[in-house]
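What you see below is based on every heavy atom in this structure, not just the backbone, and it leaves out hydrogens, waters and symmetry mates.
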Amino acid sequence: MTRRLCSLSRQPAPSFGPGLTAERQAALLAGRRMWVNGTVLHYCFLDTDHDASVIPVPGTGELRRMAWAGGKEQLDVVRECFAQWEALGIGVAFAEVGDRGEAELRIGFQAGGGSWSAVGREALAVGRGERTMNLGWDVTAQGERGTVLHEIGHALGLVHEHQNPCAGLHWDDEAVYAELAGPPNHWSRETAYTNVLRALDAGESRGAVWDPRSVMALPFGPGLVLEPEQYRGGLRPAERPSDRDREFVLRWYPGTAPGPDPLVPFCSAPLGLGPGEQADFVVEPTGTRDYTVGTFGDADTVLVVFEERDGEPRFLAGHDDGGTPDNARLRVRLVRGRRYFVRVRVYSVWGASQTAVMCW
């Protein structure tokens with residue numbers, strides 16, 4: 001029996017400026033979707049009367065309104081799966097909110113709409129009234145918790161593990177197209193290619209070690225994989241994050257270090273970071289005014305400023321300078337008596353000059 005599978009839309013390839021080395025491009029591909037460590041991702045469930053899709057009914061010419069709301073049991077499974085990812089000890093926390101304007105992740109349950117998610121920071125480009133994740137079938141059914149964990153993995157920035165170029169999978173392409181064109185998926189050839197047959201760029205995948213048990217792999221029945229021989233009978237990933245999933249996600253989100261260093265206005269703070277590393281700072285302004293926060297040096301960086309509200313960091317502003325000759329720079333209004341966090345993650349260091357961050 002063919003399983004329902006996660007279907008992601010194909011995103012345009014990133015456009016990098018001319019003259020970038022292969023090393024810089026690989027670093028940018030690896031980190032462009034990842035959040036900075038220490039982020040709190042807020043999620044909400046879309047359930048008002050206006051939250052629905054209008055879709056054509058095949059063969060009738062009629063339109064049908066499909067609501068995005070889910071039942072309490074569905075919502076509880078999603079809450080439990082967020083907690084399961086967080087329990088791995090990752091440096092990203094999840095918080096449920098009722099106001100979609102406060103939510104980076106907005107979840108719907110449109111039946112028949114497939115299960116999918118924006119991948120990592122791609123969610124920030126989705127309109128506030130739109131879903132960043134859909135769970136298109138009953139996730140309370142036996143064996144379906146893995147679907148929710150898989151989609152949350154995408155929300156964290158993880159991609160499909162069966163498309164890892166190091167997997168060495170040789171598919172029977174036409175068998176894959178035929179299998180997925182039928183029920184319950186009804187995929188086009190383009191969708192099947194995008195989500196199964198297309199090998200990812202090496203920079204997009206998690207590296208040289210393929211994990212067939214990853215919760216980010218999709219399950220497949222026999223007859224679709226030709227080689228390696230041991231997978232001719234199908235792929236059966238775990239229905240929870242595997243040990244290698246945990247290892248990979250902790251490399252990006254290792255947990256927040258206690259006591260970030262103070263970032264004093266007009267005093268630059270050297271970074272000294274390698275690719276994929278992050279530095280955290282706290283700013284406690286002595287006056288209320290507009291401040292500039294920026295990086296310096298020959299490095300590709302992501303710079304994010306958070307404001308502490310009720311003991312929780314809330315996103316204020318961010319700038320990604322990856323692949324450009326410029327440095328990340330933000331103009332933000334900081335209020336005396338409040339605390340702010342500045343987080344800088346480095347994609348790559350490509351020049352000889354010292355890298356630093358400053359607030360002024």
Side-chain angles (χ1 to χ4, degrees), residues 6-16 27-46 51 68 78 82 85-86 90-108 115-135 150-160 203-204 216 249 252-253 256 276 278 280 293-295 300-309 312-324 326-333 340-347:
C6 165
S7 169
L8 303 183
S9 59
R10 187 165 185 177
Q11 300 297 318
S15 177
F16 300 128
L28 291 167
L29 283 172
R32 66 192 176 96
R33 297 186 177 103
M34 310 304 286
W35 308 93
V36 295
N37 193 47
T39 297
V40 177
L41 289 176
H42 304 86
Y43 67 91
C44 72
F45 299 109
L46 300 179
D51 295 326
W68 296 350
V78 176
F82 274 119
W85 270 109
E86 196 169 342
I90 62 176
V92 170
F94 302 103
E96 183 177 350
V97 294
D99 182 356
R100 71 189 62 195
E102 294 288 323
E104 292 85 11
L105 311 179
R106 296 173 296 280
I107 304 166
S115 287
W116 47 264
S117 173
V119 181
R121 287 192 284 144
E122 289 176 357
L124 298 178
V126 179
R128 286 292 179 175
E130 297 298 322
R131 294 163 292 175
T132 68
M133 182 187 299
N134 191 72
L135 299 166
H150 179 99
E151 302 307 340
I152 295 173
H154 283 317
L156 284 167
L158 280 64
V159 294
H160 281 152
E204 293 181 274
M216 299 311 298
V249 79
W252 284 101
Y253 308 122
T256 53
Q278 179 174 316
D280 300 312
V293 183
T295 60
D300 295 307
T301 63
V302 179
L303 172 68
V304 187
V305 178
F306 297 85
E307 180 181 20
E308 186 177 62
R309 303 180 204 163
E312 178 183 291
R314 303 299 294 263
F315 175 84
L316 189 62
H319 184 198
D320 185 334
D321 69 18
T324 73
D326 303 317
N327 290 120
R329 189 154 296 181
L330 298 168
R331 189 73 171 167
V332 291
R333 187 165 185 80
Y340 299 85
F341 300 102
V342 174
R343 310 196 195 280
V344 184
R345 169 170 279 164
V346 167
Y347 290 115

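- Looking at heavy atoms from C-beta onward, Asp320 lies in side-chain contact with Arg121 at the 4.5 angstrom threshold.
- The shortest side-chain heavy-atom distance between Phe16 and Leu29 falls under the 4.5 Å cut-off.
- Rounding to the nearest 0.5 Å places CG of Leu28 at 9.5 Å from OG1 of Thr324.
- Taking the six-membered ring where tryptophan is involved, the planes of Phe306 and Phe315 are perpendicular, since the angle between them exceeds 60° and thus also 30°.
- Across Val97 and Cys44, no two heavy atoms sit closer than the pair O-CB, 3.2 Å.
- The line from CH2 of Trp85 to CZ of Phe94 is 8.5 Å long, rounded to the nearest 0.5 Å.
- Heavy-atom minimum distance, Ser117 versus Leu8: O-CD2, 3.4 Å.
- Separating the CG atom in Asp321 from the OH atom in Tyr347 is a distance of 8.5 Å, to the nearest 0.5 Å.
- Considering only heavy atoms from C-beta on, Val159 comes within 4.5 Å of Arg33 through its side chain.
- Checking each of Glu307, Glu308, Glu102 against Arg314 for a side chain to side chain donor-acceptor pair (under 3.5 Å) leaves exactly one that passes, namely Glu102.
- The structure places CZ of Phe45 at 10.5 Å from CG of Leu105, a figure rounded to the nearest 0.5 Å.
- Atoms OG1 and NE2, from Thr132 and His154 in turn, are 12.5 Å apart once rounded to the nearest 0.5 Å.
- A distance-only check finds a donor-acceptor pair linking the side chain of Thr295 to the backbone of Ala328 [under 3.5 Å].
- Contact of the Gln278 side chain with the Trp252 side chain is not registered, since no non-hydrogen atoms from C-beta on lie closer than 4.5 Å.
- We find the CE-CD1 distance between Met133 and Ile152 to be 5.5 Å, quoted to the nearest 0.5 Å.
- Nearest approach of Leu330 to Ala317, heavy atoms of both residues: CD1-O, 3.8 Å.
- You'll find the side chain of His150 stays beyond 4.5 Å of the side chain of Ser115, heavy atoms only.
- In terms of heavy-atom proximity, Val36 sits nearest to Arg345 at CA-NH1, 4.1 Å.
- No hydrogens or angles considered: a donor-acceptor pair under 3.5 Å links the side chains of Gln11 and Ser9.
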Task: Step-by-step salt bridge (charged side-chain N to carboxylate O under 4.0 Å, His left out) determination, Arg32 to Glu204 - done: CA-CA 9 Å; Arg32 66 192 176 96; Glu204 293 181 274; 3.6 Å; yes
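- Shown are Arg100, Glu312, Glu96; of these, the side chain to side chain donor-acceptor pair (under 3.5 Å) with His42 is made only by Glu312.
- The minimum heavy-atom distance linking Trp35 with Leu156 is given by the pair CD1-O, 3.9 Å.
- In summary, of the residues considered (Val304, Val332, Val305), a side chain to side chain contact (heavy atoms under 4.5 Å, CB included) with Val342 occurs for Val305 alone.
- Between the side chain of His319 and the backbone N or O of Arg329, at least one donor-acceptor pair lies under 3.5 Å.
- In terms of heavy atoms, Ala123 sits closest to Arg106 at O-NH2, 4.2 Å.
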